[in-house]
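Worksheet for the structure shown next.
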Amino acid sequence: MSIKITLPDGSVREYPAGVSSYDIALSISEGLARNVLSAVVNGEVWDANRPIEQDSSVKLLTWNDPEGQATFWHSSAHLLAEALESLYPGVKFGTGPSIEKGFYYDVDLGEKTLSSDDFVAIENKMKELARQKNEYVRQPIGKADAIKYFTNKGDEYKLELIDGLEDGQITLYTQGGFTDLCRGPHIPNTGAVKAVKLTNIAGAYWRNNQDNKQLTRIYGITFPKQKELDEYIFQVEEAKKRDHRKLGKELDLFAFSEKVGQGLPLWLPKGAMLRERLESFLKKAQLRAGYLPVVTPHIGSKALYVTSGHWEKYGKDSFQPIKTPDADEEFMLKPMNCPHHCEIYKTKPRSYRDLPLRLAEFGTVYRYEQSGELHGLTRVRGFTQDDAHIFCRPDQVKAEFIKVIDLVLYVFKTLGFDDFSAQISLRDPENKTKYIGSDDLWEKAESAIIEAAAERSLNTVTELGEAAFYGPKLDFMVRDALGRKWQLGTIQVDYNLPNRFELEYIGSDNQKHRPVMIHRAPFGSMERFIAILIENTAGQFPLWLSPDQIAILPISEKYSDYAEEVFFALQDDDIRGFVDHRDEKIGRKIRDAEIMKVPYMLIVGEKEQNDQQVSVRKKGEGDLGSMSWSEFSTLFQKEIKENLAGF
RNA sequence: GCCGUUGUAGCUCAGGGGUAGAGCACUUCCUUGGUAAGGAAGAGGUCAGGGGUUCAAAUCCCCUCAACGGCUCCA
């Protein structure tokens with residue numbers, strides 16, 4: 001009997017029933033067969049050597065397909081498991097999936113603790129097993145037999161996984177002497193794995209639950225060629241050079257002090273300058289967008305947070321209340337600005353004509369983050385949100401939402417953040433009691449967000465159960481240099497606080513109505529945003545943001561006075577920088593300015609002084625020749641205008 | 001908070017049971033220069049903090065603190 005196989009180009013070929021994707025590849029070319037890792041069969045990824053019994057569409061997957069890589073890495077995880085079982089008999093296995101770059105396996109080694117010193121031995125074992133070119137053999141198994149197998153083996157984690165599987169849907173995979181519970185698919189044999197590197201080791205809770213036992217998670221990555229591994233390692237090293245913690249130190253932007261406290265960044269002069277530039281940039285954009293600036297204190301009475309509900313929900317995990325000397329008063333360091341802003345709303349009766357009311361504040365907040373969570377500037381305990389709260393009528397939610405999206409997109413575009421994703425976080429439909437607010441309000445808010453995102457053609461991913469307890473949200477996610485995802489901009493609908501603070505406005509019907517509140521922050525926090533900005537730009541900020549925009553470098557001390565004169569003149573044109581008065585040669589001054597990533601160097605010596613000019617050198621580009629001060633100023637302002645196009 | 005690793009000069013790091021090293025930065029002097037490191041000298045450390053083992057601890061052990069890689073969490 002023969003079957004029809006449709007390939008991605010639309011061509012249809014006939015093969016005998018039971019043909020595998022590998023056979024199909026072989027019929028096309030031997031080279032392709034060598035490279036085929038797995039195949040999409042009727043929309044599902046299958047083993048390349050799994051027999052196909054019916055007419056099917058088949059897309060062969062190789063290393064060039066993300067799904068092909070996923071298969072490769074998943075098979076590598078099994079190879080790691082096989083190596084571990086051979087080196088550490090009795091090891092129990094959790095799960096071992098492929099991840100974005102590589103794979104991991106969670107294992108229970110009993111009393112044994114593993115460290116990265118053990119990696120070489122494990123890697124060598126993996127390579128040895130890979131060279132055996134053992135086939136990955138798929139074997140469907142009944143639930144009872146599967147339970148029997150893993151009971152015999154004594155692997156309670158696999159038994160727990162089987163418990164959640166349906167009889168008839170269970171398969172085992174065996175390569176060499178190792179058999180694992182696995183839905184597959186896998187590559188044809190271990191021989192394709194030529195380069196192996198275990199990258200790190202970590203604790204990970206079984207089934208991602210803090211109440212469960214912590215297993216040892218071993219991360220690794222493999223490649224079909226050693227050269228690809230070398231390239232990968234090189235790229236990781238390059239990425240580490242852009243780490244904001246490293247650059248923050250090198251460029252004197254910020255620091256931490258044990259004495260000040262964990263997660264409490266100190267902004268150094270250059271970092272503070274960068275931060276101020278960003279703030280004034282957004283303040284200007286917000287004024288144009290109809291926001292009204294407000295300022296509120298860093299603390300608020302505990303009663304404020306009892307009203308808002310945050311005391312009940314987060315009180316015990318917050319910095320604890322501050323007490324006054326005599327009375328029983330208690331104040332909280334503010335963990336957010338919204339309760340204060342609600343009180344501003346309430347300072348007078350509001351009419352529907354006043355809405356939307358957009359209150360904006362760069363508000364510094366303090367949250368007691370778990371110590372293990374702190375991370376450079378991206379996760380800190382004291383940070384400043386570019387916060388605003390929009391109080392609007394229910395019918396205005398969608399339009400306001402779109403306006404905020406436009407503002408966020410404008411900010412991202414101006415700063416060159418083109419690699420981001422928009423995440424829509426909705427409530428978990430299975431667990432509605434976790435959330436505050438009626439079904440009706442939630443449905444309206446969720447559809448407003450979805451429609452607004454669609455209207456602005458955002459590339460969105462939707463996460464169920466990720467909404468805040470008070471409302472759905474839209475977050476703008478970016479990656480840091482090492483590929484970790486962080487939330488920057490956020491837009492959140494809130495039906496909770498208006499109720500708790502009993503916010504009202506008088507409608508056109510002369511009745512009282514409840515406004516809707518939208519929390520939003522385009523940067524998210526100054527700290528995290530700047531961290532990502534540093535990594536995106538590798539510390540080479542656009543001219544308008546550079547802490548020092550120019551360095552004036554006198555050829556010798558004789559030209560110091562002239563250098564000062566130029567400096568003061570350019571300061572009048574709002575150009576920031578410094579004169580390098582050190583007793584060093586010009587080459588040295590240039591080198592140091594280059595290392596500090598100063599965008600423009602103005603070299604002044606005898607010639608420049610006589611001609612009332614400056615010799616302009618652009619960082620990374622070199623000598624631009626001599627020009628008058630005002631010519632330089634014009635060129636400078638032009639570049640800034642281009643940076644801020646559309647502003 | 002949990003698992004693992006790390007902590008030596010301002011920075012990057014070497015050393016390792018017999019009481020401390022390099023390069024850069026810093027200070028002083030010489031040098032007054034033309035587009036990515038001029039030369040010399042000097043100063044600088046309770047080897048994260050505390051406890052223990054030892055004749056002797058920066059080195060070995062324990063605790064604490066902090067950083068790093070993850071996990072969990074994230075108003």
Side-chain angles (χ1 to χ4, degrees), chain A residues 99 104 106 109 113-118 199-219 240 243 245-246 249-250 252 255-259 261-263 305 308-315 317-318 334-339 365-376 378-381 385 466 468-471 473 482 484 486-487 490 492 494 496-497 519 528 553-560 582-596 601-608 615-626:
Chain A
I99 52 178
Y104 66 79
D106 285 347
L109 290 150
T113 54
L114 213 58
S115 85
S116 49
D117 297 339
D118 303 306
T199 48
N200 53 55
I201 196 159
Y205 299 107
W206 170 237
R207 304 205 126 181
N208 294 337
N209 185 336
Q210 207 174 160
D211 300 327
N212 288 343
K213 182 165 181 182
Q214 198 161 51
L215 306 180
T216 302
R217 175 169 297 179
I218 302 169
Y219 287 88
K240 282 184 185 161
D243 191 314
R245 293 164 298 187
K246 183 175 157 66
K249 200 178 269 183
E250 287 172 3
D252 291 329
F256 289 90
S257 148
E258 275 191 35
K259 220 162 219 171
Q262 271 190 296
Y305 299 100
S308 72
H310 293 109
W311 171 253
E312 190 192 341
K313 197 155 175 70
Y314 296 101
D317 298 320
S318 300
K334 72 176 171 188
M336 65 230 330
N337 305 299
C338 27
V365 298
Y366 299 90
R367 297 180 184 177
Y368 186 77
E369 304 289 0
Q370 295 183 47
S371 62
E373 265 310 328
L374 300 173
H375 184 99
T378 49
R379 192 81 185 267
V380 286
R381 285 180 170 170
Q385 297 176 311
E466 288 295 308
F469 72 94
Y470 51 75
K473 57 182 182 166
L482 291 170
R484 292 174 286 223
W486 298 95
Q487 173 211 307
T490 181
Q492 314 184 356
D494 188 343
N496 175 42
L497 285 183
H519 308 246
R528 185 177 289 175
L553 313 179
I555 294 287
S556 83
E557 281 168 19
K558 287 190 237 162
Y559 313 105
S560 264
R582 291 177 307 165
D583 177 13
E584 293 290 351
K585 289 192 172 178
I586 194 65
R588 178 54 181 272
K589 293 182 184 179
I590 287 169
R591 178 184 151 82
D592 289 346
E594 289 271 352
I595 287 171
M596 291 308 282
M601 285 151 270
L602 304 184
I603 292 147
V604 295
E606 187 179 8
K607 202 152 40 90
E608 288 76 15
S615 169
V616 179
R617 181 188 163 100
K618 192 167 186 183
K619 193 212 169 295
E621 289 181 29
D623 197 352
L624 301 186
S626 289

Could you give the distance separating A66(B) and G23(B) at their C1' atoms, to the nearest angstrom?
26 Å
Between atom CG in Leu114(A) and atom P in G70(B), what is the gap in whole Å?
18 Å
Please confirm whether the backbone N or O of Gly605(A) pairs with a side-chain atom of Glu608(A), one donor and one acceptor, at under 3.5 Å?
yes
Are His519(A) and Tyr470(A) packed together at the side-chain level, in the sense that at least one heavy-atom pair is separated by less than 4.5 angstrom?
yes
Base, sugar-phosphate, or nothing: which does Ser318(A) touch, judged by heavy atoms less than 4.0 Å apart?
base
Are any of His375(A)'s side-chain N or O atoms less than 4.0 Å away from OP1 or OP2 of G69(B)?
yes
Summarise how protein sits on nucleotides 30-42 of chain B as a single string, 5' to 3': B when a protein heavy atom is under 4.0 Å from the base, S for sugar-phosphate-only contact, - for no contact.
BBBBBBBBB----
If you measure from the C1' atom in G7(B) to the same atom in C47(B), how many Å do you get, rounded?
10 Å
P atom, C60(B) versus G18(B): distance in rounded Å?
11 Å
Rounding to an integer number of Å, can you tell me how far Ile218(A) CD1 sits from G69(B) P?
19 Å
Any N or O donor-acceptor pair linking the side chain of Gln214(A) to the base of C2(B) at under 3.5 Å?
yes
Ser115(A) vs Leu374(A), nearer the 5' end of RNA chain B by closest nucleotide:
Ser115(A)
note: Leu482(A), atom CG; G70(B), atom C1'; distance rounded to Å ~ 13 Å
Can you figure out which of C71(B), A75(B), G70(B) approaches the side chain of Ala202(A) most closely?
G70(B)
Check every strand shown and say whether Phe469(A) touches a base, only sugar-phosphate, or nothing at a heavy-atom separation below 4.0 Å.
nothing
Do Arg381(A) and Tyr368(A) meet the cation-pi criteria used here (NZ or CZ under 6.0 Å from the six-membered ring centre, within 45° of the axis)?
yes
Kindly write out the residues that satisfy ring pair (Phe, Tyr, Trp, His ring centres under 6.0 Å) with Phe469(A), not counting sequence neighbours, or none if the list is empty.
none
Gap between atoms NZ and P, on Lys334(A) and A75(B) respectively (whole Å):
18 Å
Want to settle it: does Gln210(A) or Asn200(A) sit nearer the 5' end of RNA chain B, counting the closest nucleotide to each?
Asn200(A)
Contact class for Tyr104(A) vs. all strands (heavy atom < 4.0 Å): base, sugar-phosphate, or nothing?
nothing
Distance test, side-chain N/O of Lys249(A) to OP1/OP2 of U12(B), below 4.0 Å
yes
Less than 4.0 angstrom between a side-chain N/O of Arg484(A) and OP1 or OP2 of G69(B), yes or no?
yes
Any stems for RNA chain B, made of 3 or more Watson-Crick or G-U pairs in a row, each with both distances under 3.5 Å?
B:1-7 with B:65-71, B:10-13 with B:21-24, B:26-30 with B:38-42, B:48-52 with B:60-64
With side chain to side chain contact (heavy atoms under 4.5 Å, CB included) as the criterion, how do Gln262(A) and Glu369(A) come out once you've worked through the C-alpha distance, each side chain's angles and the decisive distance to 0.1 Å?
CA-CA 10 Å; Gln262(A) 271 190 296; Glu369(A) 304 289 0; over 6 Å; no
Can you see if the side chain of Tyr314(A) gets near the phosphate of A75(B) - specifically, an N or O under 4.0 Å from OP1 or OP2?
yes
Can you tell me, in whole Å, how much space there is between the C1' of A57(B) and that of C62(B)?
14 Å
Taking atom C1' in both U64(B) and U6(B), what distance in whole Å separates the two?
16 Å
Side-chain N or O of Arg245(A) less than 4.0 angstrom from OP1 or OP2 on C68(B)?
yes
Spacing of Asp243(A) atom CG relative to G69(B) atom C1', expressed in whole Å
12 Å
Might you point out which heavy atoms bring Trp486(A) and Arg379(A) nearest each other, and give the distance in Å?
CZ3-CB, 4.4 Å
Pairwise P distance for U35(B) and G42(B), with rounding to whole Å
33 Å
Separation of the C1' atoms in A43(B) and G33(B), to the nearest angstrom
28 Å
Please give, in whole Å, the distance from C71(B) C1' to Ile201(A) CD1?
13 Å
Whether Glu606(A) and Lys558(A) form a salt bridge (side-chain N of Lys/Arg under 4.0 Å from carboxylate O of Asp/Glu) is what I want to check.
no
Can you tell me, in whole Å, how much space there is between the C1' of G34(B) and that of C24(B)?
25 Å
For the side chain of Asp118(A) and the backbone of Ser115(A), is there at least one donor-acceptor N/O pair under 3.5 Å apart?
yes
Does the Arg217(A) side chain pair with the main chain of Ala202(A), one donor and one acceptor, at a distance under 3.5 Å?
no
Please report the distance, rounded to the nearest Å, between CG in Asn208(A) and P in C74(B).
13 Å
Measure from CH2 on Trp206(A) to P on G70(B) and round the result to the nearest Å.
22 Å
Not counting sequence neighbours, which residues clear ring pair (Phe, Tyr, Trp, His ring centres under 6.0 Å) with Trp206(A)? List them please.
Tyr157(A)
Who passes side-chain hydrogen bond (donor to acceptor under 3.5 Å, both in side chains) against Gln210(A), sequence neighbours left out?
none
Sequence-distant partners of Lys589(A), salt bridge (Lys or Arg N to Asp or Glu O under 4.0 Å), two or more places apart
none
hbond_proxy Arg379(A) side chain to C73(B) base (donor-acceptor, 3.5 Å cutoff):
yes
